[in-house]
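What follows is a short report on a single structure.
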Amino acid sequence: MSELVYKNINKSFTTVRGENVVALQDINLTIEDGSFVCLVGKSGCGKTTLLRMTAGLETPSSGSVTINGRSISDTDPKVGIVFQEDRLLPWRTILTNVEFGLELAKVGKAERRERALHYLDLVGLSNFSEAHPHELSGGMKQRAAIARALANEPEVLLMDEPFGALDAQTRLQMQDELIRIYLKESRTIVFVTHSVDEAVFLADKVVVLSPSPGRIQEVVQIDVPRPRDRTAPEVVQYIRKIMINF
Amino acid sequence: MNFIRKVFLRSLQIAVLVALWQLVHSFTKSVFFTSPAEVFKAAWQLTTVGDMQGITLQRNLWTSFFRVLHGFVWGLVTGIPLGLFLGLSSGAYKWLKIIIEPARFIPPLAWVPLAIIFLNGEARYAFIIWLGTFFPVLITTMSGVHSVDRSLWEVGKTFRGTRLQLIWKIVLPSSAPHIAAGARLGLGTGWACIVAAEMIGGESVGIGRMIVNYGELIRLDAVVVGMIVIGLLGYFLNEILLGLERYFFPWQQKVKM
């Protein structure tokens with residue numbers, strides 16, 4: 001069980017010039033256990049800030065984020081994150097990169113290896129376990145980053161525009177694979193994107209944020225069974241519905 | 001094939017250089033301006049018979065090489081840990097900055113009189129070369145620690161790594177290429193200090209000593225031999241270290257311009 005509850009979240013920054021900027025205002029949101037939620041919005045709407053708060057990398061100015069009723073104040077072993085960039089350690093092989101989190105958690109060598117290989121297989125990188133990141137394509141590196149986050153078996157997986165830097169074709173392929181992994185692993189996923197198409201294709205629930213100050217504009221439940229067809233009329237309808245107010 | 005081409009090209013470059021040297025020599029009236037032929041003769045003399053004390057060029061070079069190595073190793077042993085410590089602890093750096101920053105601008109040559117008074121034997125040489133090596137290694141190690149990618153540190157944090165774990169598994173490996181480059185620079189400056197170190201006297205062996213001895217006699221042919229030999233050995237050592245860097249840090253791709 002891992003339910004995420006955001007309660008009256010406000011976040012403001014002071015810029016270098018001393019101006020006060022409100023990044024997030026009155027965010028109230030509940031993300032149910034095992035659901036796939038997408039946060040969409042233009043750049044500057046605070047979606048990444050919200051995600052980083054969930055990861056314990058930032059704290060709200062007021063309000064609280066709780067996981068199963070427990071407030072998140074620091075990074076949490078139950079919460080894994082995939083960043084926009086792959087952030088792999090360049091001196092490690094793909095396999096030892098995937099083992100990295102397990103190593104920090106002091107998981108034994110044999111189990112570490114076994115779990116890393118399992119998740120490498122899941123993301124389709126079994127044949128590249130001994131390669132170094134610089135030998136791989138962008139899509140493969142991002143898959144390795146996903147495997148690294150999954151290997152620690154977090155209950156909540158946060159993803160910050162993980163496919164943003166990929167070409168259109170690889171991006172679609174990665175979306176398909178993510179859904180496959182989601183259906184197999186059934187973890188809670190919070191996925192940040194600026195693409196409405198991507199959000200509607202992936203999510204159970206799309207949370208639309210509006211910028212300056214960042215607040216929740218609407219929450220749309222996507223009632224289309226998976227696997228979804230990107231061009232199916234009901235999918236297109238949802239996209240249109242969200243786009244109108246976007 | 002590629003190798004043969006490279007050797008051919010290098011030989012050609014050297015031949016052009018020697019030809020130019022010979023040309024300038026034949027237009028110069030000075031008796032001190034030595035010719036390539038005289039330098040070759042001196043080199044032959046120095047390797048087969050030895051210098052005025054009967055010490056061969058090889059022995060002079062080896063002796064100096066081990067002195068450099070001695071000071072260089074000390075430079076690494078002291079510079080890397082201190083650089084890591086000061087890189088990680090900005091508080092300690094603030095305290096030591098007023099000593100370290102001015103000290104690194106004092107040329108090793110300026111330390112020679114102090115070294116003569118306070119040290120003796122091999123320690124004198126090692127100290128001067130250590131000075132040349134220590135500061136480049138210290139500074140590059142510190143900047144290596146500072147250049148650690150914040151985003152990688154964050155990855156470690158999301159996996160709840162302890163500070164010690166993150167230093168060991170993120171900071172150290174990512175500053176290793178900087179440290180290696182610093183060591184290479186340090187070896188270069190260490191070599192460059194050998195003449196200064198051997199000016200101290202005492203021992204009669206050493207390539208720097210040999211240069212000083214022949215310099216006093218205005219035997220420039222032998223001086224030039226010493227210079228070339230120092231240059232070449234430094235070049236080969238640098239190439240070896242560069243090769244090691246490429247081997248150990250293949251992810252550090254250099255930008256080609």
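Remember, predicted model here, so these are calculated numbers, not experimental data. Lettering follows sequence order; numbering is per chain, from 1.
Neither the backbone nor the side chain of B:Thr162 has a heavy atom closer than 4.5 Å to any heavy atom of chain A. When heavy atoms are compared at a cutoff of 4.5 Å, A:Arg148 approaches chain B by way of both its backbone and its side chain. When heavy atoms are compared at a cutoff of 4.5 Å, B:Ile170 approaches chain A by way of both its backbone and its side chain.
Of all residues spanning residues 48-65 of chain A, those with a heavy atom less than 4.5 Å away from chain B's heavy atoms are A:Arg52, A:Leu57, arranged by number.
B:Arg160 places no side-chain N or O within 3.5 Å of a backbone atom of A:Ala105 that could act as its donor or acceptor partner. In this structure, B:Thr158 contributes its side chain and A:Ile81 its backbone to no donor-acceptor pair below 3.5 Å.
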Side-chain donor-acceptor contacts of residues 98-109 of chain B below 3.5 Å, not counting sequence neighbours, with atom names and distances?
unit_1: B:Glu101; atom_1: OE1; unit_2: B:Arg104; atom_2: NE; d: 2.9
unit_1: B:Glu101; atom_1: OE1; unit_2: B:Arg104; atom_2: NH2; d: 3.1
unit_1: B:Glu101; atom_1: OE2; unit_2: B:Tyr93; atom_2: OH; d: 2.8

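Atom CH2 of B:Trp74 is surrounded by 12 or fewer heavy atoms from other residues, nucleotides or ligands within 6.0 Å. Annotation for A:Lys205: atom NZ counts as buried by contact number, over 12 foreign heavy atoms lying within 6.0 Å. Within 6.0 Å of the CD atom in A:Glu185, the count of heavy atoms belonging to other residues, nucleotides or ligands exceeds 12. Other residues, nucleotides and ligands place no more than 12 heavy atoms under 6.0 Å from the CG atom of B:Leu164.
Annotation for A:Leu104 and B:Lys169: closest pair CD2-CD, 3.7 Å, computed over non-hydrogen atoms.
Rounded to the nearest 0.5 Å, atoms CG (A:Leu102) and CZ (B:Phe159) are 7.5 Å apart. Within the model, atoms CZ of B:Phe249 and CH2 of A:Trp91 stand 11.0 Å from one another, a figure rounded to the nearest 0.5 Å.
A:Glu103 places none of its side-chain heavy atoms less than 4.5 Å from the side chain of B:Gln165. Counting heavy atoms from C-beta outward, B:Trp251 and A:Leu89 have side chains that stay 4.5 Å or more apart. Residues B:Ser151 and A:Phe83 form no side-chain contact, since every pair of their non-hydrogen atoms from C-beta on lies 4.5 Å or further apart.
Residue with the most contacts toward chain A among B:Gly156, B:Gly161, B:Pro173, B:Ala176: B:Pro173 (heavy-atom pairs, distance under 4.5 Å).
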